[in-house]
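Working notes, beginning with the structure itself.
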2 protein chains.
Amino acid sequence: MPRLTIGDLAKATGTKVETIRYYERIGLLPEPGRTGSNYRSYDEEHLGRLSFVRRARDLGFSLDQVRELLGLADQTDRSCEAVDAIARQHLTEVERKIVDLTALRDELAEVIERCNHGTVAECRIIAALAPVPAG
Amino acid sequence: MPRLTIGDLAKATGTKVETIRYYERIGLLPEPGRTGSNYRSYDEEHLGRLSFVRRARDLGFSLDQVRELLGLADQTDRSCEAVDAIARQHLTEVERKIVDLTALRDELAEVIERCNHGTVAECRIIAALAPVPAG
DNA sequence: CTTGACCCTCTAGTGACTACAGGGTGCATA
DNA sequence: TATGCACCCTGTAGTCACTAGAGGGTCAAG
Ligand SMILES: [Zn+2]
Ligand SMILES: [Zn+2]
Ligand SMILES: [Zn+2]
Ligand SMILES: [Zn+2]
């Protein structure tokens, strides 16, 4: 069972060293052992846990959600209902964001479309932002 | 020309009082005059400027972009090229975000789909997060 | 024996607010 | 006149998920 430095762990998971220390500080990762010179010393289990965190983060889960998911993942013989619930809730949030951003994109595109590249005074983009344009 | 309190301005623009003070603090809004009892006192021009800021924020522009847009909006006889550039760049960012979120949504939906509601040990959602699931 | 890459802790910065704490002001009402 | 309440003030600290830096210690190679 090979021991890993924080740098090894960072490389293996595509995480910055500072981020790993941050995860430890907020209690998302367990405190690892230390070498004689006070270096953090990790094993395969730490690697697995950090990979889990990173994968969940890549899927857009918040750190609080990740924390819950980690806790649930350890209780292997319970029903996965709670896991489902977290994932579905997150999916709903993502879908809502897409709807919002799409509406935003359409509005932005429309505003930009109307610009006829004259002076700022005539600019429809500025007009779209200014309330009750003088006149 | 009626004078407005910060609360009036907040109500008129749908902004929180604290946010207006924050905008003033970071130099996005000019410091207004004060009454004898040191209350901020605004006029129609302040109202217009804050409305501009809020509208631009609603369209997703960053405060730095809003600052630039405000600066440009005052130079009425210049070409609106720079305004266009900011708006188009923002549109591009929004479009990229939509693409990213859509990919994320698909991946999430796929992961959730595969769950067959058993124990955590069997859960495909957890499996999708865990690296090299034991076995 | 020095260079450079790594490691350590602690603090502060990011964006765009938001939420107090601890006070002052202005107006209506009992 | 007192008192309550809504509003205003300043200043600081918290949010989220990191990221960057200061100021130092450790280790292997040349
Ligand atoms: Zn144009
Ligand atoms: Zn234009
Ligand atoms: Zn399920
Ligand atoms: Zn499941």
Side-chain angles (χ1 to χ4, degrees), chain A residues 2-29 31-42 46 49-50 52-70 89-90 93-94 97 100 104, chain B residues 2-29 31-42 46 49-50 52-70 86 89-90 93-94 97 100-101 104:
Chain A
R3 290 263 132 196
L4 307 167
T5 65
I6 196 169
D8 295 335
L9 208 61
K11 220 168 292 174
T13 59
T15 312
K16 298 203 171 174
V17 166
E18 292 87 354
T19 304
I20 298 176
R21 286 199 281 249
Y22 167 72
Y23 287 164
E24 180 186 326
R25 202 160 65 240
I26 64 170
L28 200 61
L29 297 180
E31 294 187 20
R34 297 287 179 133
T35 67
S37 53
N38 201 30
Y39 286 17
R40 288 172 179 80
S41 175
Y42 299 94
H46 289 103
R49 202 163 168 97
L50 178 55
F52 186 106
V53 171
R54 294 307 291 182
R55 177 91 181 105
R57 291 289 301 130
D58 283 349
L59 287 172
F61 289 98
S62 72
L63 287 185
D64 268 358
Q65 287 174 325
V66 174
R67 207 187 297 269
E68 286 191 74
L69 289 172
L70 274 172
Q89 192 200 325
H90 177 46
E93 281 162 21
V94 170
K97 269 190 202 167
D100 288 354
L104 178 59
Chain B
R3 289 264 133 196
L4 307 167
T5 66
I6 195 169
D8 296 335
L9 207 61
K11 219 167 293 174
T13 58
T15 312
K16 299 203 172 174
V17 166
E18 293 86 354
T19 305
I20 298 177
R21 287 199 279 250
Y22 167 71
Y23 287 164
E24 180 186 325
R25 202 160 64 242
I26 64 169
L28 199 62
L29 296 180
E31 294 186 20
R34 299 286 178 133
T35 67
S37 54
N38 201 30
Y39 285 18
R40 287 172 180 81
S41 175
Y42 298 95
H46 290 104
R49 202 162 168 99
L50 178 55
F52 186 106
V53 171
R54 294 308 290 182
R55 177 90 181 107
R57 291 289 301 130
D58 283 348
L59 287 172
F61 289 97
S62 72
L63 287 186
D64 268 358
Q65 287 174 324
V66 174
R67 209 188 294 271
E68 285 191 74
L69 288 173
L70 274 172
I86 292 170
Q89 191 200 324
H90 178 45
E93 281 161 22
V94 170
K97 269 190 200 166
D100 288 354
L101 276 181
L104 178 59

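Order of the sequence lines sets the chain letters (A, B, ...), proteins ahead of strands, with each chain counted from 1.
For B:Asp64, the side-chain contact (heavy atoms from CB on, under 4.5 Å) criterion is met by B:Ser62, B:Arg67, not counting sequence neighbours. When the side-chain hydrogen bond (donor to acceptor under 3.5 Å, both in side chains) test is applied to B:Thr15, the partners found at least two apart in sequence or on another chain are B:Thr13, B:Arg54. Residues passing the salt bridge (Lys or Arg N to Asp or Glu O under 4.0 Å) test with B:Asp100 are B:Arg96, sequence neighbours excluded. Listed by chain and residue number, A:Val94, A:Lys97, A:Ile98, A:Leu101, B:Leu104 satisfy the side-chain contact (heavy atoms from CB on, under 4.5 Å) test with B:Leu101 (two or more places apart in sequence, or in another chain). Considering only residues two or more places apart in sequence or on other chains, A:Thr35 meets the side-chain contact (heavy atoms from CB on, under 4.5 Å) condition with A:Ser37, A:Tyr39, A:Ser41. Residues meeting the side-chain hydrogen bond (donor to acceptor under 3.5 Å, both in side chains) test with A:Arg34, sequence neighbours left out: A:Asn38. Residues forming a side-chain contact (heavy atoms from CB on, under 4.5 Å) with A:Leu9 (at least two apart in sequence, or on another chain): A:Leu4, A:Ile20, A:Tyr42, A:Leu47, A:Leu50.
The salt bridge (Lys or Arg N to Asp or Glu O under 4.0 Å) contacts involving residues 13-24 of chain B comprise B:Glu24-B:Arg40, where partners must be two or more places apart or lie in separate chains. Applying the salt bridge (Lys or Arg N to Asp or Glu O under 4.0 Å) test to residues at least two apart or on different chains, none of the pairs has a partner in residues 5-14 of chain A.
Proximity of a side-chain donor or acceptor of A:His90 to a complementary backbone N or O of A:Gln65 within less than 3.5 Å is not detected.
Summary for the helix from C:dC1-D:dG30 to C:dA30-D:dT1: the axes at its two ends, each from 5 pairs, differ by 30° when rounded to the nearest 10 degrees.
Put simply, chain B comes within 4.0 Å of DNA chain C, heavy atom to any atom, from C:dA16 to C:dG26, going 5' to 3'.
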For nucleotides 9-23 of chain D, read 5' to 3', which letter fits each nucleotide if B means a protein heavy atom sits under 4.0 Å from the base, S means only the sugar-phosphate is that close, and - means neither? SB------BBBS---
